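For reference, the structure is listed below as structure tokens.
Note: hydrogens, waters and symmetry copies are ignored here, and every other heavy atom, side chains too, is used. The residues of the chain are indexed from 1 along the displayed sequence. Note that this is a predicted model, so its numbers are computed, not measured.
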Amino acid sequence: MKFNLSVDKWNLVSEKGLPEDGEWCFLVWKTEDGELQWSIGGYDESEENFYVDFGMGGMVLDAKDVIAWAVCFGDETFTVQ
């Protein structure tokens with residue numbers, strides 16, 4: 001089975017700011033090595049961070065490290081072959 005995910009409408013933090021408190025989003029951030037990574041996480045406005053679950057206990061991602069976000073199940077196209 002081949003799975004493909006395409007997100008058409010990314011919100012750049014520099015242009016749109018951060019999502020609403022409690023919103024679950026696809027996130028893109030830059031690592032310390034300068035590489036781009038992505039995952040799904042929930043935004044916590046009071047803490048100014050995202051909670052990301054990698055299935056290994058998760059992690060906390062500082063909101064200032066996020067480059068772009070897209071609301072989960074908003075503008076995605078899923079295909080399975």
Completion exercise
Taken to the nearest 0.5 Å, the spacing of Gln37 CD from Asp65 CG works out to 12.5 Å
Handout entry: Asn11 side-chain N/O to Trp69 backbone N/O, donor-acceptor pair under 3.5 Å
Key = yes
Handout entry: Heavy-atom check, side chain of Trp29 versus side chain of Leu36, under 4.5 Å
Key = no
Problem - Where Tyr43 and Ala63 come nearest, the two heavy atoms and their spacing - result: CE1-CB, 4.0 Å
Problem - Test log, rule side-chain contact (heavy atoms from CB on, under 4.5 Å), inputs Val52 and Val60 - result: CA-CA 6 Å; Val52 180; Val60 175; over 6 Å; no
Handout entry: Between OG on residue Ser39 and CZ on residue Phe26, distance to nearest 0.5 Å
Key = 9.5 Å
Exercise for the section: Identify the two heavy atoms, one from Asp21 and one from Ser46, that lie closest to each other, and give their separation to 0.1 Å. Expected result: OD1-N, 4.4 Å
Exercise for the section: Could you check if a side-chain atom of Pro19 sits within less than 4.5 angstrom of a side-chain atom of Phe50, using non-hydrogen atoms only? Expected result: yes
Problem - Glu23 CD to Asp44 CG distance, which is reported to the nearest 0.5 Å - result: 13.0 Å
Exercise for the section: Flag yes if more than 12 heavy atoms outside Glu48 fall under 6.0 Å of its CD atom; otherwise flag no. Expected result: no
Problem - Hphob cluster co-occupancy, Leu27 + Tyr51, side-chain heavy atoms under 4.5 angstrom - result: no
Problem - Test item: Val66 and Val28 side chains (from C-beta on) under 4.5 Å apart, heavy atoms - result: no
Problem - Pairwise side-chain contact, Ile40 with Cys72, heavy-atom cut-off 4.5 Å (strictly under) - result: yes
Fill in the blank from the handout: When rounded to the nearest 0.5 Å, the distance separating NZ of Lys64 from CG of Leu18 is 12.5 Å
Handout entry: Spacing of Trp38 atom CH2 and Ile67 atom CD1 [to the nearest 0.5 Å]
Key = 15.0 Å
Fill in the blank from the handout: Here the pair of heavy atoms bringing Trp24 nearest to Gly41 is CE3-C, 3.3 Å
